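One structure is given here, and the rest of the page talks about it.
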There are 2 protein chains.
Amino acid sequence: MTFTRTTEYALRALGYMASREGEMLSADQLHAKLKIPKKYLQRLLTDLKRSGLLKSVRGRNGGFILSRRTGDITLAEIVHAVEGTRTRPECFFGFAKCALDVPCAMHDVWIRSQSTVQEALQTTRLADIAGTTFR
Amino acid sequence: MTFTRTTEYALRALGYMASREGEMLSADQLHAKLKIPKKYLQRLLTDLKRSGLLKSVRGRNGGFILSRRTGDITLAEIVHAVEGTRTRPECFFGFAKCALDVPCAMHDVWIRSQSTVQEALQTTRLADIAGTTFR
DNA sequence: GTAATATGCTACCCCAATATAGTATATATT
DNA sequence: AATATATACTATATTGGGGTAGCATATTAC
């Protein structure tokens, strides 16, 4: 249960945008604020737009803006948008049969830890993390 | 908190070796049993030897053998040997200051989940997973 | 002493995630 | 109309994990 750097970027960017709900922010502004590689961020934002989480406006004074209310977007949704349907291993060791009949020693701990995070992702919303780092 | 495939390989290999404690096993035997790419496994085993977890014997009838008792080696130790001191982010989002003064919304869940697994790694020993998959 | 079977070592190749560069296109300001 | 500032798109490095190949070296069996 680790996320790619890209996912981290997405959460950071959207988290910041949540703290300025209603404002249109350009990739450049976000880059300056969040220190995420400019061009990479640009593409990521475009992707997030394509996935429906953001709206974009081209041209001067353009930028990106959340397409829904911050209280309405779960972190799980964001992770899913960025990572797609990445199948996670059911067993800690990648043992094929473990989960079925012969749980390995780490099985319980692993599953519990996974679902803890997973549930948190589903219940935590953008509004909950808005501006965490920017005070 | 996900591990590389290499770490998984190491845990698999050592787990199997634990189930045959005291026997000298060649990279080839392990490869045949565990379906881990031969050459890659070879190198991994050499690394594990260099890190002190295994002893090796060259030449005919040579191979690898655990250098300590299975009840004496923690999984944490193995992970550390393979991954080195990979610093994990303390904050779920990679927010620099989060852990310090302004915990993010995911902080507690994240830390708790991380340390749950971490503790399990420190308390689970090779003896506990010996031969898990091989019945 | 030669063949067979091991580990040890070095140099590659492949691929996906990450990152960069350049150009095309849209729009507001002047 | 021209300029400045945006996004959109495409192509191209870069990097690290994973994997392969070949030869050197050590040891046992014969």
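Bear in mind that the values here come from a model prediction, so they are computed numbers and not experimental data.
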>> For A:Ala10 versus A:Ile78, what's the shortest heavy-atom pair and its separation?
In response: CB-CG2, 4.2 Å
> Can you name the nearest heavy-atom pair linking B:Thr123 to B:Asp128, along with the distance?
Replying inline: O-OD2, 4.0 Å
> Where do B:Arg12 and B:Tyr16 land on the side chain to side chain donor-acceptor pair (under 3.5 Å) test, with the steps shown first?
Replying inline: CA-CA 6 Å; B:Arg12 289 245 300 276; B:Tyr16 178 65; over 6 Å; no
Side-chain N or O of [X] closer than 4.0 Å to phosphate OP1/OP2 of [N]:
| X | N | answer |
| --- | --- | --- |
| B:Thr6 | D:dG18 | yes |
| B:Arg50 | C:dC9 | yes |
| B:Thr4 | D:dG18 | yes |
| A:Asn61 | C:dT29 | yes |

Distance in angstrom units between [X] [atom1] and [N] [atom2], rounded:
| X | N | atom1 | atom2 | result |
| --- | --- | --- | --- | --- |
| B:Asp47 | C:dT10 | CG | P | 12 Å |
| A:Arg43 | C:dT23 | CZ | C1' | 16 Å |
| A:Tyr40 | D:dT7 | OH | C1' | 18 Å |
| B:Asp28 | C:dT7 | CG | P | 8 Å |
| A:Lys35 | C:dT18 | NZ | P | 21 Å |
| A:Leu30 | D:dA6 | CG | C1' | 13 Å |
| B:Leu48 | C:dG8 | CG | P | 11 Å |
| A:Phe3 | C:dT18 | CZ | C1' | 18 Å |

> Is a side-chain N or O of B:Ser115 found less than 3.5 angstrom from the main chain of B:Gln118, in a donor-acceptor match?
Replying inline: no
> What's the closest nucleotide to the B:Tyr9 side chain, out of D:dT20, C:dT7, D:dG19?
Replying inline: D:dG19
> DNA chain C: A:Pro37 or A:Arg60, which has the more 5' nearest nucleotide?
Replying inline: A:Pro37
> Of A:Arg58 and B:Ser56, whose nearest nucleotide on DNA chain C comes first from the 5' end?
Replying inline: B:Ser56
> Can you find a donor-acceptor N/O pair under 3.5 angstrom joining the side chain of B:Lys39 to the base of D:dG22?
Replying inline: yes
>> Considering every strand and a 4.0 Å limit on heavy-atom distances, what is the contact class for B:Lys38: base, sugar-phosphate, or nothing?
In response: nothing
> Yes or no on side chain to side chain donor-acceptor pair (under 3.5 Å) for A:Tyr40 and A:Thr6, after CA distance, side-chain angles and deciding distance?
Replying inline: CA-CA 9 Å; A:Tyr40 197 70; A:Thr6 304; 2.7 Å; yes
